[in-house]
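The shown structure was predicted, so the numbers you read here are calculated from the model rather than taken from an experiment.
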Amino acid sequence: MVLSQLDDGIFLSEINLAGTHDSCTAFVSMEKMARCQSLTVKEQLKLGIRLFDIRLNRRGNEFYLIHSLADCYSDEAKTKKLTFSEVLSDFRSFLKENPGEVLVVSIKQDRGIMSRNFFPAFYNKYIKGNEDEWYLKNENPSLSICRGKIVLMRRCRVRKKFENSVDAGLDFSRWKDQGGSRKTKTEKTVLSVDSASIELIVLEAEIQDRYSLDCRKKWFLCAKPFLDRCEASEDKFCLHFISTSYRKKGETLAETAEEMNGYFKEYELRKDKAQGWFFLDFPDREIIEKINGSDQCIYSSRM
């Protein structure tokens, strides 16, 4: 099921959304530790991916795709480093051809001195003057509001002065790092509160991104328990990372992903309630169709 076929009134959080983790690593340096995808962004769009995890490094006025210390490239020969301008061009072309679709794009600074000027520079280069291409409010939109647009997820902080002067996207900047080999609990992050009472949460997210755990521990003690109990709603996003950086000796990330994806393929998604957004390493057609197809079950159950 693709988003263009879903009812306009459904909120974005109430959709099981198929996504990729470190989306732009099809061609990347340090492959053994950094390659999380075998498909380019253009190929992922064709497969049914609508959620993208974008990691950036700003150098001057250019923004390059990276995965921690590794650089992403435009081609298999690795002759040219991949810029966000190229990725954005793919997003724009897809939405022009498919105006009923929606793309959710998570932006994070993943290298360099962490600066609150990072996002303003990104905004001025890619968004200013083209605001109509984006959904930029820190509010959970219905599909009718964001069709044909890029919904911005911001994982980098900005100065309050900037944030008060422009709409700067869904504010995931308080996202806590979930590394470590002991903790298995999810983390909650607040996106927005009532202007009259900071104690009243308007929009929040619960996130499972325990990326340091071995596959079995990650699935049975972390990922599956969260899937079993979570319920996405109009005021709550649920994010699931079905991925881990943990590798057995001699194992590649692709082999690790095969094990994690295998667990997920055997898991039955609920038919009456959305469980959230899924970030995957090396997803195949079967797993994407499983997620996208589940939205039809949810929609049918509301009729």
Handout entry: D53 and S23 side chains, donor-acceptor separation under 3.5 Å
Key = no

Handout entry: Any donor-acceptor pair under 3.5 Å from D295 side chain to N16 backbone
Key = yes

Practice task
Please say whether more than 12 non-hydrogen atoms of neighbouring residues, nucleotides or ligands are located less than 6.0 Å from NZ in K137.
Solution key: no

Problem - Side-chain heavy atoms of N98 within contact of L3, under 4.5 Å - result: no

Practice task
Mind checking the CZ-SG spacing from R210 to C222? Nearest 0.5 Å is all I need.
Solution key: 6.5 Å

Problem - Linked, directly or transitively: W175 and I54 (ILVMFWY side chains, under 4.5 Å) - result: no

Problem - Expected output: side-chain K290 to main-chain Y267 donor-acceptor under 3.5 Å - result: yes

Problem - Heavy-atom closest pair, residues K273 and A232 - result: CE-O, 3.3 Å

Problem - Pair Q208, T186: side-chain N/O donor-acceptor within cut-off below 3.5 Å - result: no

Fill in the blank from the handout: Rounded to the nearest 0.5 Å, the CH2 atom of W134 sits from the SG atom of C146 at a distance of 13.5 Å

Problem - N/O donor-acceptor pair under 3.5 Å between D171 side chain and S173 backbone - result: yes

Exercise for the section: Applying side-chain contact (heavy atoms from CB on, under 4.5 Å) between I66 and each of D110, V28, L56, report the one that passes. Expected result: D110

Problem - Check: S4 main-chain N/O paired with E101 side-chain donor or acceptor under 3.5 Å - result: yes

Exercise for the section: Could you go through the salt bridge (charged side-chain N to carboxylate O under 4.0 Å, His left out) check for K149 and E131 one step at a time? Expected result: CA-CA 10 Å; K149 296 181 181 291; E131 289 90 347; over 6 Å; no

Handout entry: Expected output: side-chain N140 to main-chain E234 donor-acceptor under 3.5 Å
Key = yes

Practice task
Check for a donor-acceptor pair, side chain of R58 on one end and backbone N or O of G60 on the other, with a separation under 3.5 Å.
Solution key: yes

Exercise for the section: Taking all heavy atoms of I291 and all of L269, pick out the closest pair and write down the distance. Expected result: CA-CD1, 4.2 Å

Practice task
Could you give me the CA-CA distance, side-chain angles and deciding distance for F282 and S38, then say whether side-chain contact (heavy atoms from CB on, under 4.5 Å) is met?
Solution key: CA-CA 6 Å; F282 299 99; S38 59; 4.0 Å; yes

Problem - Residue pair R50 / V102, side-chain heavy-atom distance below 4.5 Å - result: no

Handout entry: Neighbour count above 12 (heavy atom, 6.0 Å) for E204 CD
Key = yes

Handout entry: Heavy-atom neighbours of R229 CZ exceed 12 at 6.0 Å
Key = yes

Problem - Near-ring test F237/F11, centroid separation under 6.0 angstrom - result: no

Problem - Single-linkage hydrophobic cluster, 4.5 Å side-chain cutoff, I287 and L17 together - result: no

Problem - K108 to F118, cation-pi by 6.0 Å centre distance and 45° axis angle - result: no

Problem - Candidate pair L280 and S243, rule side-chain contact (heavy atoms from CB on, under 4.5 Å), full reasoning - result: CA-CA 6 Å; L280 301 130; S243 60; over 6 Å; no

Handout entry: Residue pair T83 / E86, side-chain donor-acceptor N/O under 3.5 Å
Key = yes

Exercise for the section: Could you tell me whether K217 atom NZ has more than 12 heavy atoms of other residues or ligands within 6.0 Å of it? Expected result: yes

Handout entry: Worked check of salt bridge (charged side-chain N to carboxylate O under 4.0 Å, His left out) between D8 and R147
Key = CA-CA 9 Å; D8 275 349; R147 288 199 191 280; 2.7 Å; yes

Handout entry: Residues, nucleotides or ligands: over 12 heavy atoms within 6.0 Å of K265 NZ
Key = yes

Fill in the blank from the handout: Heavy-atom closest pair (I288 atom, A18 atom, distance to 0.1 Å) is CD1-CB, 3.9 Å

Problem - Neighbour count above 12 (heavy atom, 6.0 Å) for R92 CZ - result: yes

Practice task
Classify the side-chain pair S29/D71 by whether it contains a donor and acceptor separated by less than 3.5 Å.
Solution key: no

Fill in the blank from the handout: NE2 of H67 to CE of M30, rounded to nearest 0.5 Å, is 9.5 Å

Exercise for the section: Verify whether the ring centers belonging to H240 and F226 lie closer than 6.0 Å. Expected result: yes

Problem - Pairing of E206 and K236 as salt bridge, 4.0 angstrom limit - result: yes

Handout entry: Neighbour count >12 (heavy atoms, 6.0 Å) for atom CD, E255
Key = yes

Handout entry: Any donor-acceptor N/O pair, R55 side chain to I107 backbone, under 3.5 Å
Key = no

Practice task
Using the rule that two of Ile, Leu, Val, Met, Phe, Trp, Tyr join whenever any of their side-chain heavy atoms come within less than 4.5 Å, decide whether L12 and L152 are in one cluster.
Solution key: no

Fill in the blank from the handout: Separation between OG (S181) and OH (Y211), nearest 0.5 Å, reads 11.5 Å

Problem - Short N-O contact, K32 and E251, less than 4.0 angstrom - result: no

Practice task
Establish, for the pair R116 and F162, whether the NZ or CZ atom is under 6.0 angstrom from the six-membered ring centre and no further than 45 degrees off its axis.
Solution key: no

Practice task
Report yes if the distance between the aromatic ring centroids of F122 and F84 is under 6.0 Å, otherwise no.
Solution key: yes

Practice task
Grab the two heavy atoms, one from F279 and one from L51, that are nearest each other, plus how far apart they are.
Solution key: CZ-CD2, 3.6 Å

Handout entry: Flag, side chain of R111 to backbone of L69, donor-acceptor distance under 3.5 Å
Key = yes

Handout entry: Distance, nearest 0.5 Å, that separates NZ of K224 from OH of Y263
Key = 12.5 Å

Handout entry: Heavy-atom side-chain contact between V158 and F119 under 4.5 Å
Key = yes

Exercise for the section: Report the C-alpha separation of F63 and Y126 in whole Å, then their side-chain angles, then the decisive distance to 0.1 Å, and conclude whether the ring-ring contact (aromatic ring centres under 6.0 Å, His included) test is met. Expected result: CA-CA 10 Å; F63 291 78; Y126 297 113; 5.7 Å; yes

Handout entry: Test item: T244 side-chain N/O and L213 main-chain N/O as donor-acceptor pair under 3.5 Å
Key = yes

Practice task
Answer yes if the side chains of Y135 and D167 hold a donor-acceptor pair under 3.5 Å, and no otherwise.
Solution key: no

Problem - Inter-residue atom distance L103.CG - F94.CZ, 0.5 Å rounding - result: 6.0 Å

Exercise for the section: Under the salt bridge (charged side-chain N to carboxylate O under 4.0 Å, His left out) rule, what do E231 and R270 come out as? Steps first, then yes or no, please. Expected result: CA-CA 10 Å; E231 288 190 2; R270 292 181 58 174; 3.2 Å; yes

Problem - Verdict with supporting geometry, F91 and F52, ring-ring contact (aromatic ring centres under 6.0 Å, His included) - result: CA-CA 10 Å; F91 291 155; F52 295 87; 5.0 Å; yes

Problem - Distance-only polar pair, side chains of Q37 and T25, donor-acceptor under 3.5 Å - result: no

Practice task
Indicate yes or no for a side-chain donor-acceptor contact from E43 to the backbone of T40 under 3.5 Å, with no hydrogens or angles considered.
Solution key: yes

Handout entry: Shortest non-hydrogen contact from L95 toward G148
Key = CD1-O, 3.7 Å

